[in-house]
Amino acid sequence: MKKTNLLLGTAVAVVLSANAANAGSLYIADLRGANENPANTSPFTGRGYLILNDAETVATVTATHNVDATLTAGHIHRGTAAVNGPVIFPFPQPQSPMGPLTWNIPAADVVNLKALGLYMNFHTSVFPGGVIRDQLRRALFVTSATNEMQTLLAGALDGSYGISTDLDTVLMGQAFATGATKAAVLDELSGRTIYTQSRQELETMRDFQESLMTHGEQGGVASGTFGGFVKGGYGFGTRDNSSDRAGSDITRPYLLAGIEYGLADDVVVGLAVGYADGKDEFDGTIGRTDVQTTSVQGFITSKSDVLVASVVAGYGFSDIESNRALTTLGRTATSRHNGDAWSIGAKVAMPLPLGDGAIVAPYAEIDTQHAKVDAYSETIAGAAGLVVPKVSDHDTSAELGAMLSTALGPNEGLQARLQAGWRYSLSGGREMIATRLAGATATFNTALYDQAINTAHVAAALSGSIDENILVSVGYNGFASGRTTTHAVEARITLRIGM
């Protein structure tokens, strides 16, 4: 195994010293005595590489081997596996490492190459007909792909040889790997984790919106009166794993503080500033994404005996850090970049008395959140980092449900509130973005999913007054769908200040 790795490493180093004018395809030969015609039992092995440029006019040829006997020649021959064919490209010196050599390959031999009709052969005095040999065959990732995302990436990689020395190190390093190993490499190199960046932004803006709507519905300040409030919460949840999305565990602690003012009886306007530190820890220890979002939210709530209406709008900007573990390649890809998001939502509820202080309020809500992640390139030791264009994501939903509130305790000092609703997605399902790997020119489509799925929404809160000017509240807010489930627990304190 050590000898094989040494040969492979030497071959890659040799190939990388060649300068290719454009992208190309890789052909490889697993050089062994057993492949000779007739076969021999020599203990020697080697690996041959040929990069054919896109124009199919020039080939760059290299090889390494461990033959320690006196070599008399090395060539590329024309012939199938069972044929000892003529020499068509001799090597000036056959010692290892051999090359890089530039071959102006004839069109007829390009046809033979693609049809397994060329082979690489090394000769010694003991084995004048050949000591190690193998047919040159196309090295492909696409044949090892197990899903759509891997297939799209493999299609880009299989034509990306000869552009970047660093990328060639990665790709040629896997040329002789098993299909399972290649599939693992494709899985790690694909963009299965990048969708969470904009999702964190969207979810943060949605959670702030819901928190402020609940705040307006639970209380308020009198006309001509100021109030201030602080909310602290902790969000958590999971994202499901699929072939094109990496699953993750979500955490999102947040803080929301604001002021409000009573414009008139039962009409309150306010402004809030929020901060959330969202994290996705991906399944299988493949990395983590951190999205720190700071937002400004404006809100207005109007309350009467027959109608409660709230509107919340906000803008946020994010610092994003991505860390992806490319375990199979022994590398880590990182990036730091920015994003921003905005949201607006409106909710209308109709309180209906049930008796004994209980109220049920059917409601309708519509909201939209839009997020943008700036274009970025990952930093990595060498090539294979993702290069991602600017990404836009959105989530638009309509929600129908009901709220139930009731007074608790002998003095009705506590208020309990329950809410259950169903969010109907009005968004699209999947956007494909043109991603590429650093060092490659060919792009591959990466699927970016928005929520785009109906979601159950459940909330509960318990609130009470310490005195007439200080309110406290604790609550829960949860969203569950077939893709993502999030929960948030929250505590709030509100201070009323008379004018």
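Values below: every heavy atom of this structure, side chains too, minus hydrogens, waters and symmetry copies. Counting begins at 1 with the first residue of the sequence.
Not one N or O on the side chain of Asp367 forms a donor-acceptor pair closer than 3.5 Å with the backbone of Thr396. Distance alone, capped at 3.5 Å, is enough to place a donor-acceptor pair between the Asn40 side chain and the Val131 backbone. Looking only at distances, a side-chain donor or acceptor of Glu188 sits under 3.5 Å from a matching main-chain atom of Thr328. With Ser164 contributing its side chain and Leu167 its backbone, the two residues share a donor-acceptor pair below 3.5 Å. Remark: side-chain polar atoms of Tyr195 are paired, donor with acceptor, to backbone N or O of Ala246 under 3.5 angstrom.
Here the options are Arg239, Arg288, Arg192, the test is salt bridge (Lys or Arg N to Asp or Glu O under 4.0 Å), and the partner is Asp280; only Arg239 passes. A side chain to side chain donor-acceptor pair (under 3.5 Å) with Ser318 is found for exactly one of Asp374, Thr204, Thr293, namely Thr293.
Here the side chains of Thr238 and Thr484 are not in contact, with every heavy-atom distance at 4.5 Å or above. Proximity of Tyr424 to Thr455: side-chain heavy atoms (C-beta onward) are nowhere separated by under 4.5 Å. At a threshold of 4.5 Å between non-hydrogen side-chain atoms, the residues Tyr119 and Arg78 do not count as touching. Between Glu365 and Arg423 the shortest side-chain heavy-atom distance falls below 4.5 Å.
Of the charged side-chain nitrogens involved, none lies within less than 4.0 Å of a carboxylate oxygen, so that Asp395 and Arg206 do not count as a salt-bridged pair. Salt bridge Arg483/Asp240: absent, no basic N to carboxylate O contact under 4.0 Å. A salt bridge is absent between Asp393 and Lys372: the closest approach of a Lys/Arg side-chain nitrogen to an acidic carboxylate oxygen does not fall below 4.0 angstrom. A salt bridge does not link Asp249 to Lys279: none of the charged nitrogens lies less than 4.0 Å from a carboxylate oxygen. In this structure, Arg324 pairs ionically with Glu378, as a charged nitrogen and a carboxylate oxygen lie closer than 4.0 Å.
Note that Arg252 lies outside the cation-pi zone of Phe236, set by a 6.0 Å cut-off to the ring centre and a 45° limit from the axis.
Classification of the His123-His77 ring pair by plane angle, with boundaries at 30° and 60°, yields tilted. In this pair, Phe91 and Phe89 present their aromatic rings perpendicular. The plane angle is above 60°, beyond the 30 to 60° band.
Here Asn147 pairs with nothing under the side-chain hydrogen bond (donor to acceptor under 3.5 Å, both in side chains) rule; sequence neighbours left out.
Between the side chains of Gln197 and His337, at least one donor-acceptor pair of N or O atoms lies under 3.5 Å.
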